[in-house]
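The structure appears right after this line, and notes come after that.
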Amino acid sequence: MTDALGPQLRLAPGPVDLTAVPTDATPGHDGDKEQAQAELARLGVDLADLQERLFAESRSGGTRAVLLVLQGMDTSGKGGVIRQTIGLVDPQGVHITAFKAPTEEERAHDFLWRIRRALPAPGRIGVFDRSHYEDVLIARVRGLAEPEVVEARYDQINAFEAEVAAAGTRLVKVMLHVGPQTQKERLLERLDRPDKHWKFNPGDIDERQRWSEYRRAYEIALERTSTEVAPWHVVPADRKWYRNLAVARLLHEALLDLDPRWPVADFDVAEQRRRLETEDPIA
């Protein structure tokens, strides 16, 4: 593994122009698909160890957690990342939430209410498949909220994420950056394969017609909500194998930085060993 990937993918302060970010690039990886897959497999061993240490830490009073926020256009690969990357660690230590259109109960509360309820418990890795950002993306493009309401939400999101970070949760925010041609190819594949029809929604084509509007909504959201405690990372997503490896590396770097430790035993290890060796109920 080479230099840390986070700084290479992290957004710089200032205006965001997604058209200037190649969707088929592979920052931080000079190899091919096979090499990336081999690296991902190797990384999985360390990810599983770090995740277990984080979980064990919480059993002795630790309060830290990790939250991976995945956003991206349709077909960008949020589900693929969850299967190929998050699937590398023990599922008992992971909490995945896929946010759909809000229910009647959720609409009766402020937009962050359902997000707070889904935050990971100490020791867990939480994963948001879509998130509170839908309320400044779809809401902006589709006019589901008044412009002044959407405008206020950027600051509300920043305050919320600062609160979450201060409570001990490391946020890893990833925008999966897929190109329009790749999206078209992936949608056509869903139509060509009967086993993929269940993933196709005719509404995806309607949303695709508003590509430039969504891109602009993303650019505004990324610029307004990439902060020191919760920066955005833009991951080129045309190449699935790179996308999966990149997210794994970002997650790995976050866990390494947290450096979770195995809890110190609160009992006399030598004494318990003596008991186990001498007090045999079978004898």
Side-chain angles (χ1 to χ4, degrees), residues 9 18-19 21-27 29 31-44 47-48 68-91 94-103 118 125-131 133-134 137-138 141-142 172-215 217-218 233-251:
L9 298 179
L18 288 175
T19 64
V21 182
T23 57
D24 61 350
T26 60
H29 182 77
D32 57 17
K33 177 179 179 179
E34 288 70 26
Q35 290 171 310
Q37 291 174 331
E39 184 179 343
L40 180 62
R42 291 192 299 269
L43 200 59
L47 272 174
L68 173 64
V69 176
L70 296 174
Q71 284 288 156
M73 300 282 204
D74 291 332
T75 79
S76 60
K78 296 177 288 295
V81 166
I82 291 171
R83 289 190 300 275
Q84 302 298 323
T85 299
I86 306 304
L88 295 170
V89 305
D90 188 340
V94 178
H95 181 70
I96 300 170
T97 306
F99 289 99
K100 307 298 184 183
T103 65
I125 295 175
V127 183
F128 284 177
D129 178 348
R130 300 186 187 274
S131 66
Y133 285 96
E134 295 299 291
L137 294 170
I138 292 179
V141 174
R142 288 293 182 180
V172 181
K173 301 193 302 191
V174 176
M175 189 265 185
L176 300 176
H177 187 34
V178 68
Q181 182 58 34
T182 298
Q183 185 195 63
K184 181 178 181 179
E185 292 168 1
R186 291 176 182 174
L187 289 174
L188 285 171
E189 181 185 19
R190 293 179 182 181
L191 290 173
D192 291 340
R193 294 177 50 178
D195 63 324
K196 298 287 187 181
H197 287 175
W198 66 275
K199 297 181 69 174
F200 186 85
N201 182 340
D204 293 342
I205 299 178
D206 298 328
E207 294 300 288
R208 178 175 164 78
Q209 303 310 307
R210 308 185 76 157
W211 183 276
S212 60
E213 294 176 71
Y214 275 106
R215 185 187 66 233
Y218 265 103
H233 302 85
V234 177
V235 171
D238 281 4
R239 304 177 195 267
K240 296 178 182 180
W241 51 268
Y242 174 78
R243 174 200 69 199
N244 297 337
L245 176 60
V247 176
R249 287 183 58 182
L250 291 173
L251 187 59

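- Remark: the backbone N or O of Asp204 is not paired with any side-chain donor or acceptor of Glu207 at under 3.5 angstrom.
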Next item on the list: Given side chain to side chain contact (heavy atoms under 4.5 Å, CB included), test Leu251 with Val89 step by step and report yes or no.
Entry: CA-CA 11 Å; Leu251 187 59; Val89 305; 5.8 Å; no
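- Remark: side-chain polar atoms of His95 are not paired, donor with acceptor, to backbone N or O of Gly126 under 3.5 angstrom.
- At least one donor-acceptor pair closer than 3.5 Å links the side chain of His177 to the backbone N or O of Leu18.
- The side-chain heavy atoms of Glu185 and Glu189, taken from C-beta on, include no pair separated by under 4.5 Å.
- In this structure, Ser76 contributes its side chain and Met73 its backbone to a donor-acceptor pair below 3.5 Å.
- Screening residues 236-247 for salt bridge (charged side-chain N to carboxylate O under 4.0 Å, His left out), with sequence neighbours left out, gives no hits.
- Atom CG of residue Leu245 and atom CG of residue Leu40 lie 6.0 Å apart, to the nearest 0.5 angstrom.
- Contact between Ser131 and Gln71 at its shortest, heavy atoms only, is OG-OE1, 2.7 Å.
- In this structure, Leu191 CG and Arg186 CZ are separated by 15.0 Å, a value rounded to the nearest 0.5 Å.
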Next item on the list: Mind running side chain to side chain contact (heavy atoms under 4.5 Å, CB included) on Leu43 and Arg249 for me, showing each step along the way?
Entry: CA-CA 8 Å; Leu43 200 59; Arg249 287 183 58 182; 3.7 Å; yes
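- A distance-only check finds a donor-acceptor pair linking the side chain of Lys78 to the backbone of Gly72 [under 3.5 Å].
- Nearest approach of Ala25 to Pro236, heavy atoms of both residues: O-CB, 3.4 Å.
- Although no hydrogens or angles enter the test, the distance criterion places no donor-acceptor pair under 3.5 Å between the side chain of Thr97 and the main chain of Phe128.
- Here the CE-OH distance, from Met175 to Tyr133, works out to 12.5 Å after rounding to the nearest 0.5 Å.
- Taking each heavy atom of Lys199 and Arg190 in turn, the nearest pair found is O-NH1, 3.2 Å.
- Judged purely by distance below 3.5 Å, without hydrogens or angles, the side chains of Gln183 and Arg208 pair a donor atom with an acceptor atom.
- Remark: the backbone N or O of Pro27 is paired with a side-chain donor or acceptor of Tyr242 at under 3.5 angstrom.
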Note to self: Determine whether Thr75 and Thr182 satisfy the following criterion, side chain to side chain contact (heavy atoms under 4.5 Å, CB included), listing intermediate values before the conclusion.
What the structure shows: CA-CA 8 Å; Thr75 79; Thr182 298; 5.8 Å; no
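- Looking at Val234 and Leu9, their side chains never come closer than 4.5 Å, going by heavy atoms from C-beta outward.
- Of all heavy-atom pairs between Val235 and Ala246, the closest is CG1-CB, 3.8 Å.
- Contact annotation: the side chain of Leu250 approaches that of Val174 to within less than 4.5 Å [non-hydrogen atoms, C-beta and beyond].
- To the nearest 0.5 Å, the span separating NZ on Lys100 from CD on Glu134 amounts to 9.5 Å.
- The structure places CG of Leu137 at 14.0 Å from CZ of Arg215, a figure rounded to the nearest 0.5 Å.
- Residues Val178 and Thr23 have side chains not in contact (no heavy-atom distance under 4.5 Å, counting atoms from C-beta outward).
- Here Arg210 contributes atom CZ and Ile138 contributes atom CD1; the two are 11.0 Å apart, rounded to the nearest 0.5 Å.
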Item checked: Test salt bridge (charged side-chain N to carboxylate O under 4.0 Å, His left out) applied to Asp74 and Arg130, step by step -> CA-CA 11 Å; Asp74 291 332; Arg130 300 186 187 274; 2.8 Å; yes
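- Taking the side chain as every heavy atom from C-beta outward, Val69 and Val127 never approach each other to under 4.5 Å.
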Next item on the list: Applying side chain to side chain contact (heavy atoms under 4.5 Å, CB included), run through His29 and Trp241 and close with a yes or a no.
Entry: CA-CA 11 Å; His29 182 77; Trp241 51 268; 3.7 Å; yes
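- Applying side chain to side chain contact (heavy atoms under 4.5 Å, CB included) to Leu70 and the options Asp129, Ile82, Ile86 leaves one that passes, Ile82.
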